[in-house]
Amino acid sequence: MTGTDPSLRDAVSQPFARRRFLGYVLAAPTLTTAAQLVPALEARADIPSPEITELIDLNDVMTAAALPTSGLITVEVNTDGTVSFALPRTEVGQGITTSTAMLIAEELGIPLTRVHITLADARPELLFNQLAGGSNTTFSTYTPIRVAAAIARQRLLRAAATEWDTALTELTWDAGVVTGPGNRSAGIGTLSRKAAGVRTEEVSVGLKPRDMFTVIGKPHNRVDARAAVTGRKRFTLDLDVPDALPTMVCRPPTINGEVGSVSNLSEVRSLPGVTDVVVIPTGVAVRATTFGRCVDAVRALRVTWKPGSAEGKSDDSVLKELRAAELPLGLPPLTPSVEERFTFHFRSNSALEPNCAIADVRSDRAEVWSSLKAPIVAKEAIAARLGLPLQAVTVHVTEGGGSFGRKLFFDAALEAVEVSRRIRKPVKLMWHRADDSRQGRTHPMATSRVRISYLGDTVLGYKQRHTSVSTDLGHGLGEIFTALAARLPVGDIGFSQTFFQLSQSMPYDFGANSRLLSETDKGFNTGSMRNVYSPDVTCARELLVDRLAARMGKDPYRFRHDFLGDDRARAVLDKAAEAGNWGRSMPAGTAQGIAFHSEYHSAGAVLVELDCRPETVGRPIRDGVAGPRVTKAVIAVDVGLAVNPRGLEAQMMGCLMDGIALTLTSSLHLRDGHFLEASWDNYFYTRQWNTPPELRVIVMPPTTGEPGGAGELGVAASMAAVACAYGRATGTMPTVFPVNHGTLSFEPKPTVPPVPASPTDGLDHVR
């Protein structure tokens, strides 16, 4: 930020020069500012479209719900010249602490290193403003954070002008230092107390124009990168809470089974290092001096279990339930059509960091530490469980090592609270990897039937009937009211239908189109896995698009291009095809695939090259399936305005890995009421042998003035592109996902005891 940058002065000296926003200077010892996000938006002149997501989508709903409490989120200028901001959304590796710091640094004109981002505790007064999900964080906080920072900048300039009795136009600003006539200068830390408000007052401010950005839109490394790679970053289990000892739970052999009786409680209590053993609703909890002692104790317990909620069920029986619940596609069309049914098996929602929480429950209060994407719901549910006033429960939000939607739920926090309440001691609870796979949240099994009717070169209509094991949306929109509504016998149907319709779109000009959701079977622990319904829905659609293109004798890329409905969509598709050299000659058994997906005001296209030759598919992998390999991938994305292009590239890389996993290898096998997988050694998320040696992410130039949703954008298109490539390479369209689900390549570990023995032969497999 240079001293001659007029944007830092004009917003003050010319108060009506640009669009204005309202905000507050709050009464505080140092300068503290906030946004009042009710901007005077220009009236839209759009012609209404029959596609609902073009009018309003899930991201719009979440943003609108968050606006009324934006004024409670504050930027504080400290006396040491740093700026503090307590982010009300959870950082789980997606990089929002970096992008948030960039927004503040841009508007305040200070180095990024001087912006300190922390995570806010659960704050029920924020209502809908503390939910991290739906690719919504940057989308909804982009303007409020900038407004609060801009007000701080304006206030600091005025404080300097008053102090030096000079006009605002005589001041310059450089890297957080204000300079005036006579070589007078002061840093923002020095000015902070002078700029502070003695009473809360409403102010008007203009934002820095986009053509003068020096931080936003430029690639930046993550602000927490060094701490992460050096092991200094602190997650839940790294916290040193006095007397909080390791705790684990002995869980049932089938999904959601319950404890009948325990025959050796006293024996296990006497094991070395064990301090407590107690029965809780989800199993038998063990507290000990180390997690190793916990594992020994869990394996030693002899428990008689009652049946679970999925007792006796298997992949085949659930598939029969789904087919019985499918909504009809209607009468057969009178014109030619393409039609298919696709099956998507259960998939794990286990993140890199095990499910964990720390709890210290006393008779009159409770304190909890955990990575939570819906901390308000967690706080309210914990208070209700303990019978305590809401203000007696403190929930600290910690950084998380991954989520994929998993941390929208607070299973571990509730368990930790339950154990601590019963034994009256602090606990540091951690799930085992087997717990995550067998009792944790899953992406539900689903089927999707698609029919596209056409006549000549015209597509007349599109119908899709998506049927799924019920997705638990009990986190609601981040507070207790919608969370409860999502669990009601009728409310859950309405909530899931609303979620489905507001998150799905039809990007092609396919005539009359309809998408309907049907859900069944609430006996499984499901969750909003990354991109929720979109990967399955889009994969099914794009495969049928390939089939229709072939039926019409058209190239899959050109067919998509000709039917896409807007310029942004065509641009990303064209860029992916160009950069990926679409249509090049390839050896037999290999092929390219291309797919498109749009959501939340963003668009993305993915081109992949896939090797399905026998020598690749049959590569020897110990206790695993090699399968096809993606050898090249090109991802083109248009998110409107990318706050941090480097962070966006990382997000898209992760999306691609998700897509490869969902198409080729990643699934859970259900048998007799339990999943066979018990850890990542037999749950095959994308491995190194399936990832592309050649990968390119292309971030399109800004096409709008604000960022769109990006956190999940690339998953659906990646899955669909790999599936389309598989169909072209093998000559057979895949209809069951992942394609390797039918091959069980490992010997399932026992369910009793629930925690498998630790491996002792690791060195035997070092290569």
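The model shown is predicted, which means the values in this text are computed figures rather than measured ones.
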Backbone of [Y] reached by a side-chain donor or acceptor of [X] within 3.5 Å:
{"X": "T275", "Y": "R287", "result": "yes"}
{"X": "E677", "Y": "S679", "result": "no"}
{"X": "E519", "Y": "S468", "result": "no"}
{"X": "T100", "Y": "T97", "result": "no"}
{"X": "E418", "Y": "I280", "result": "no"}
{"X": "T520", "Y": "L322", "result": "no"}
{"X": "S528", "Y": "G405", "result": "no"}
{"X": "S309", "Y": "G523", "result": "yes"}
{"X": "R302", "Y": "A300", "result": "no"}
{"X": "S270", "Y": "E267", "result": "yes"}

Requested in this report: With salt bridge (Lys or Arg N to Asp or Glu O under 4.0 Å) as the test, would you mind laying out the steps for R406 and D411 before giving the verdict?
Outcome: CA-CA 10 Å; R406 179 67 183 86; D411 310 313; 3.0 Å; yes

Short N-O contact, [X] and [Y], less than 4.0 angstrom:
{"X": "E649", "Y": "R646", "answer": "no"}
{"X": "R222", "Y": "D224", "answer": "yes"}
{"X": "E415", "Y": "R251", "answer": "yes"}

**Report entry** Name of the residue among S350, S666, S667 meeting side chain to side chain donor-acceptor pair (under 3.5 Å) with Y683
**Finding:**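 Between Y683 and the candidates, side chain to side chain donor-acceptor pair (under 3.5 Å) is satisfied uniquely by S666.
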
Requested in this report: Dump the intermediate steps for side-chain contact (heavy atoms from CB on, under 4.5 Å) on T442 and N525, then the final yes or no.
Outcome: CA-CA 6 Å; T442 70; N525 303 318; 5.9 Å; no

**Report entry** Audit row: D276, V278, side-chain contact (heavy atoms from CB on, under 4.5 Å) steps and yes/no
**Finding:** CA-CA 7 Å; D276 301 272; V278 62; 5.8 Å; no

Where [X] and [Y] come nearest, the two heavy atoms and their spacing:
{"X": "K407", "Y": "A351", "answer": "NZ-CB, 4.1 Å"}
{"X": "R422", "Y": "P281", "answer": "NH2-CD, 3.8 Å"}
{"X": "D536", "Y": "H443", "answer": "OD2-NE2, 3.5 Å"}
{"X": "A359", "Y": "S420", "answer": "O-OG, 3.6 Å"}
{"X": "S496", "Y": "Y533", "answer": "CB-OH, 3.7 Å"}
{"X": "F291", "Y": "L237", "answer": "CZ-CD2, 4.4 Å"}

Flag side-chain contact, heavy atom, 4.5 Å: [X] against [Y]:
{"X": "L119", "Y": "E399", "value": "yes"}
{"X": "F499", "Y": "T471", "value": "no"}
{"X": "T236", "Y": "I358", "value": "yes"}
{"X": "C655", "Y": "R530", "value": "yes"}
{"X": "L662", "Y": "V715", "value": "yes"}
{"X": "H475", "Y": "K373", "value": "no"}
{"X": "R293", "Y": "P246", "value": "no"}
{"X": "R424", "Y": "S363", "value": "no"}

Query - side-chain contact (heavy atoms from CB on, under 4.5 Å) evaluation trace for S371 with T90 - result: CA-CA 7 Å; S371 176; T90 313; 3.6 Å; yes

Query raised in the report: Is the Lys NZ or Arg CZ of R234 less than 6.0 Å from the centre of W369's six-membered ring, within 45° of the axis?
Result: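 Relative to the ring axis of W369, which defines the angle, R234 lies outside at least one limit.
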
Say you draw a straight line from [atom1] of [X] to [atom2] of [Y]; how long is it, rounded to the nearest 0.5 Å?
{"X": "L131", "Y": "T137", "atom1": "CG", "atom2": "OG1", "result": "8.0 Å"}
{"X": "F684", "Y": "L664", "atom1": "CZ", "atom2": "CG", "result": "13.0 Å"}
{"X": "F410", "Y": "L408", "atom1": "CZ", "atom2": "CG", "result": "11.0 Å"}
{"X": "T691", "Y": "M653", "atom1": "OG1", "atom2": "CE", "result": "11.5 Å"}
{"X": "F524", "Y": "M445", "atom1": "CZ", "atom2": "CE", "result": "9.0 Å"}
{"X": "H741", "Y": "L668", "atom1": "NE2", "atom2": "CG", "result": "8.5 Å"}

Requested in this report: Report the C-alpha distance between W305 and V259 in whole Å, list the side-chain angles of each, state the deciding distance to 0.1 Å, and finish with yes or no for side-chain contact (heavy atoms from CB on, under 4.5 Å).
Outcome: CA-CA 5 Å; W305 299 96; V259 176; 3.5 Å; yes

Over 12 foreign heavy atoms within 6.0 Å of [atom1], [X]:
{"X": "R619", "atom1": "CZ", "answer": "yes"}
{"X": "R269", "atom1": "CZ", "answer": "yes"}
{"X": "K306", "atom1": "NZ", "answer": "no"}

Requested in this report: Give the intermediate values and the outcome of salt bridge (Lys or Arg N to Asp or Glu O under 4.0 Å) for residues D121 and R123.
Outcome: CA-CA 6 Å; D121 288 349; R123 297 177 59 191; over 6 Å; no

Report task. Indicate whether the side chain of T254 and that of E311 have a donor and an acceptor atom separated by less than 3.5 Å. Result ->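 Yes, a side-chain donor-acceptor pair sits under 3.5 Å.
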
Report task. Take R441 and D472 through the test salt bridge (Lys or Arg N to Asp or Glu O under 4.0 Å) and record every step on the way to the result. Result -> CA-CA 9 Å; R441 299 285 170 172; D472 188 348; 2.8 Å; yes

